[in-house]
Structures are given as C-alpha cells and as structure tokens.
Number of protein chains: 2
Amino acid sequence: MEADIFLRENNIKVTKARIYIYMLLSKSPNALTAEDIYNRSRGENIDINLSTVYRTLEVFEKNNIVEKFNIGENSHLYSLVKEKHSHILKCSLCNKEIKVPCPMKQIEELVKNQTGFTLTEHKLVLKGICSECSEKIAKSNKNDKDNKNC
Amino acid sequence: MEADIFLRENNIKVTKARIYIYMLLSKSPNALTAEDIYNRSRGENIDINLSTVYRTLEVFEKNNIVEKFNIGENSHLYSLVKEKHSHILKCSLCNKEIKVPCPMKQIEELVKNQTGFTLTEHKLVLKGICSECSEKIAKSNKNDKDNKNC
DNA sequence: CTGCGTGCAAATGCTTTGCATATGT
DNA sequence: ACATATGCAAAGCATTTGCACGCAG
C-alpha cells in the first residue's frame with residue numbers, strides 16, 4: 001500500500017488509477033499490455049478508462065518508472081523498470097566504440113512470450129561496422145559489384 | 001533481372017509488383033517499411049498500391065523470402081531473409097534445454113536504426129528459468145512474500 | 001480554488017479486407 | 001478460360017487527442 005508514497009516521491013499526483021496501475025505492475029510477474037491492465041481493473045471494482053491507462057503508462061514511462069516493449073505485431077507490453085545497463089559496440093574496421101542501451105529487455109519479453117522462459121542473465125557480444133565505415137565500403141564496392149548474395 | 005525466375009521457383013505468380021518489390025529489397029542495404037516500398041515505387045513509374053505492397057510482403061513472408069521486424073512504436077521493417085540460426089536456452093534450475101530462433105535480427109535492425117551500426121556478428125548467451133521451474137518457485141515463494149523490489 | 005487527471009467520443013496511423021476488375025499461366 | 005493479383009475504399013485495431021467535468025493538493 002505504499003504506492004502513494006512512491007508516486008509522491010516521484011512528484012506524480014496520486015490518483016486511484018495511478019495507484020492501481022502501479023500496484024498491478026509491481027505485483028505482476030509478467031509485463032502487461034494496456035488492455036490487460038484495463039481488463040483487470042474492470043474485474044475489480046476500479047474502473048479505469050483505457051485512455052487513462054495509456055496516459056498513466058505514458059506518465060510512468062516519462063518518469064522512468066515503467067518501460068515499454070514491442071512484441072509481435074502491434075502489441076506493447078509494459079512493466080516496471082528494472083536495472084538498466086549498456087553494451088559496447090566496437091566497429092570492426094575503425095575500432096570506434098559506442099554505447100547502446102541494452103536491447104535485451106525486448107528479447108527477454110519476446111522469449112518469454114514464445115517459450116515461457118524467464119531470462120535471468122545474458123551475455124551479449126556485438127561486432128559490427130559503423131555507419132562511416134559502411135559508407136566507405138559502399139563507395140569502394142562500386143568497382144566490384146558482383147558480390148550479390150554472398 | 002532474375003527476379004521472375006526466383007519467383008517462379010518459389011511457385012509465386014510473377015507480377016510487376018512482386019518483381020519490383022523483390023528487386024527493391026534485394027538491392028536495398030537496409031530493411032524497408034511498407035511505406036518506403038510504396039513511395040519508391042511511385043518515384044519510378046511503377047505504381048503499386050499500398051495494400052498490394054502489404055499483400056506482397058505477406059506472401060513473401062509466408063514463403064520465407066522476407067522477414068519482418070518490429071521497430072519502435074508501430075513500424076515494421078521488411079528485408080530478405082538471410083541465414084537463420086538458433087540459440088540454446090538452458091534452464092538454470094532443471095537444466096532442460098530448448099531452442100529459440102535467433103532473436104538478434106530484431107536487435108540488428110534496432111541498433112542500426114538507433115546508431116547506424118551494421119552488426120555483423122554476435123555472441124549471445126542466455127540463461128534463464130523455464131516456465132515449470134518458475135511455477136514451482138512461485139509456489140514455494142508464497143511463504144516469504146517480502147521480496148518486493150529486491 | 002486551481003490545475004491536473006479523467007471519461008468519453010472522435011481522430012489517427014498502420015494494416016487488413018471485400019469487392020469488382022485486371023492479369024498471369 | 002480460370003484462378004489469382006490488384007486497386008480502391010472502407011473497415012479494423014491499438015493508441016492518441018480534444019473537450020468538459022471532477023478531484024487532488
């Protein structure tokens with residue numbers, strides 16, 4: 001029942017919709033769709049309008065309370081933000097390094113949806129070619145343009 | 001210019017829309033949206049209706065010629081299928097193993113969109129807990145239900 | 001009491017579908 | 001000739017928005 005305190009700490013006005021949605025997400029082991037949240041609210045005596053659900057999730061997202069994943073076609077899942085981390089991407093050609101926010105959250109949800117597996121750890125090593133190097137290659141490739149489907 | 005042969009080989013009726021879309025995808029270094037394809041077709045003298053684009057992509061997808069990724073909000077990208085591989089998911093508890101189709105394609109597109117990096121290689125190690133084990137845990141956790149936010 | 005949150009209904013954006021016509025084999 | 005592909009316009013679905021009202025601070 002400390003949802004209101006949590007909201008207040010985040011300078012978010014406390015309303016029944018926000019309390020309910022925050023509580024629901026914190027209790028739920030899975031990420032939920034907006035529709036899920038809407039339906040569950042109707043199940044209990046708290047009727048929250050679908051647009052309110054979206055607006056609340058948007059507020060939470062902007063306050064880094066909730067994160068949103070795209071799953072399959074046009075469905076999105078929402079869950080409370082867990083720890084965040086990044087990965088280093090190192091260009092194989094020029095060795096430049098850049099950071100990307102870990103894309104695995106997306107994968108975790110995807111895999112969970114497909115297989116029921118709850119991913120707890122991952123190790124991700126990415127190698128690639130940065131945009132500048134790609135362009136250089138593209139130019140020098142204008143000569144030997146017979147590497148289709150290689 | 002061998003698009004028609006390719007289509008015929010796949011038992012797909014050859015039409016200008018299909019040839020055009022197949023060629024466009026095979027020439028494009030990036031995955032494209034349906035809209036992209038539509039717009040480019042208008043640029044040249046080949047007018048292809050947007051619904052035809054979608055229908056064609058659907059046919060290609062069903063024939064494993066094209067794959068579809070979800071990127072960001074409600075946008076999807078399409079590209080020719082490249083090699084496919086899987087990863088092993090091993091449950092940390094019961095050691096059961098299952099295969100998942102490599103989810104990195106999705107990531108590759110995402111990263112490319114965000115950073116311009118073209119990923120060429122990845123190493124992905126996943127650890128997790130399978131659904132059965134999750135359930136067992138859930139049950140035995142009913143006792144010590146004070147691990148919120150841990 | 002004042003502004004922000006909410007419900008409602010209408011609008012949006014991407015995608016899909018029904019139907020009549022055009023095209024490939 | 002016949003089945004399938006296409007264009008067009010209308011429907012669908014998840015999400016967003018405008019507006020009037022209601023509630024939190």
Side-chain angles (χ1 to χ4, degrees), chain A residues 3-24 31-42 44-63 65-78 109 113, chain B residues 3-24 31-42 44-63 65-78 109 113:
Chain A
D4 25 353
I5 298 172
F6 177 80
L7 292 174
R8 240 181 289 276
E9 278 174 354
N10 283 270
N11 293 312
I12 295 173
K13 202 178 267 185
V14 178
T15 67
K16 76 172 202 295
R18 290 166 175 188
I19 293 178
Y20 180 79
I21 293 175
Y22 176 74
M23 296 263 299
L24 189 56
L32 302 172
T33 64
E35 195 80 25
D36 285 340
I37 296 173
Y38 174 65
N39 290 330
R40 297 215 198 171
S41 84
R42 322 198 72 217
E44 330 202 4
N45 41 6
I46 330 249
D47 265 288
I48 302 175
N49 193 71
L50 227 201
S51 41
T52 301
V53 172
Y54 280 110
R55 284 192 272 227
T56 302
L57 290 171
E58 196 189 352
V59 169
F60 285 0
E61 206 188 350
K62 284 192 179 146
N63 285 271
I65 296 169
V66 149
E67 60 194 327
K68 180 178 182 182
F69 323 90
N70 331 65
I71 289 263
E73 295 309 291
N74 319 340
S75 43
H76 297 167
L77 292 176
Y78 298 85
E109 293 300 331
N113 249 35
Chain B
D4 26 351
I5 298 172
F6 177 81
L7 293 174
R8 240 182 290 275
E9 277 174 355
N10 283 271
N11 293 311
I12 295 173
K13 201 179 269 186
V14 178
T15 68
K16 76 173 202 296
R18 290 166 175 185
I19 293 178
Y20 180 78
I21 294 174
Y22 176 74
M23 295 263 299
L24 190 56
L32 302 172
T33 65
E35 196 79 25
D36 286 340
I37 295 173
Y38 175 64
N39 289 330
R40 298 215 196 170
S41 83
R42 321 197 73 216
E44 331 204 1
N45 41 6
I46 330 252
D47 265 287
I48 302 175
N49 194 70
L50 228 200
S51 43
T52 302
V53 172
Y54 280 110
R55 282 192 273 226
T56 302
L57 290 171
E58 195 189 353
V59 170
F60 284 0
E61 205 189 350
K62 283 190 180 146
N63 284 270
I65 295 170
V66 149
E67 60 193 329
K68 180 179 183 181
F69 323 90
N70 331 66
I71 289 263
E73 294 308 290
N74 318 340
S75 44
H76 297 166
L77 292 176
Y78 298 85
E109 293 301 330
N113 248 36

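Below, chain A is the first sequence line, B the second, and so on; all start at residue 1.
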So which heavy atom on [X] is nearest to which on [Y], and how close?
| X | Y | result |
| --- | --- | --- |
| A3(B) | I19(B) | CB-CG2, 4.0 Å |
| V66(B) | Y78(B) | CG1-CD2, 3.9 Å |
| F60(A) | I21(A) | CE2-CG2, 4.1 Å |
| I48(B) | Y38(B) | O-CD1, 3.0 Å |

What is the separation between atom [atom1] on [X] and atom [atom2] on [N], rounded to the nearest whole Å?
| X | N | atom1 | atom2 | answer |
| --- | --- | --- | --- | --- |
| I12(A) | dG5(C) | CD1 | P | 9 Å |
| Y38(A) | dG7(C) | OH | C1' | 10 Å |
| E58(B) | dT6(D) | CD | C1' | 14 Å |
| F60(B) | dA5(D) | CZ | P | 11 Å |
| I19(B) | dA5(D) | CD1 | P | 14 Å |
| L57(A) | dT16(D) | CG | P | 10 Å |
| K16(B) | dT23(C) | NZ | C1' | 10 Å |
| N10(A) | dC4(C) | CG | C1' | 17 Å |

- Query: For DNA chain C, whose closest nucleotide is more 5', that of R8(B) or that of Y78(B)?
  - Reply: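 Checking each residue's closest nucleotide, the 5'-ward one belongs to Y78(B).
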Tabulate protein N/O versus nucleotide N/O from nucleotides 20-23 of chain D, keeping only pairs under 3.5 Å, one per line.
none

Are [X] and [Y] side-chain neighbours, meaning at least one heavy-atom pair lies under 4.5 Å?
| X | Y | result |
| --- | --- | --- |
| I46(B) | K16(B) | yes |
| V59(A) | R55(A) | no |
| T15(A) | T52(A) | no |

- Query: Which nucleotide sits closest to the side chain of R18(A): dT6(D), dT25(C), dG5(C)?
  - Reply: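 Ranking dT6(D), dT25(C), dG5(C) by closest atom to the R18(A) side chain puts dG5(C) first.
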Distances under 3.5 Å between protein N/O atoms and the N/O atoms of nucleotides 8-10 of chain D, please, pair by pair.
from   : atom 1 : to     : atom 2 : distance (Å)
dC8(D) : N4     : S51(B) : OG     : 3.3
dC8(D) : N4     : R55(B) : NH2    : 3.3

- Say whether, by atom type as modelled, one donor and one acceptor occur between the side chain of T56(B) and the main chain of R18(B) under 3.5 angstrom.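 Between the backbone of R18(B) and the side chain of T56(B) there is no qualifying donor-acceptor contact (under 3.5 Å).
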- Message: OP1 or OP2 of dG7(D) versus the side-chain N and O atoms of T52(B): is any pair under 4.0 Å?
- Response: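 It does, given that an N or O in the side chain of T52(B) lies less than 4.0 Å from OP1 or OP2 of dG7(D).
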- Task: Using only side-chain N and O atoms of T15(B), determine if any of them is under 4.0 Å from OP1 or OP2 of dT6(D).
- Result: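 So the side-chain polar atoms of T15(B) do come within 4.0 Å of the phosphate oxygens OP1 or OP2 of dT6(D), strictly under.
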- Message: Between E44(B) and R40(B), does any side-chain N to carboxylate O distance fall below 4.0 Å?
- Response: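 Not counted as a salt bridge, because no side-chain N and carboxylate O are separated by less than 4.0 Å.
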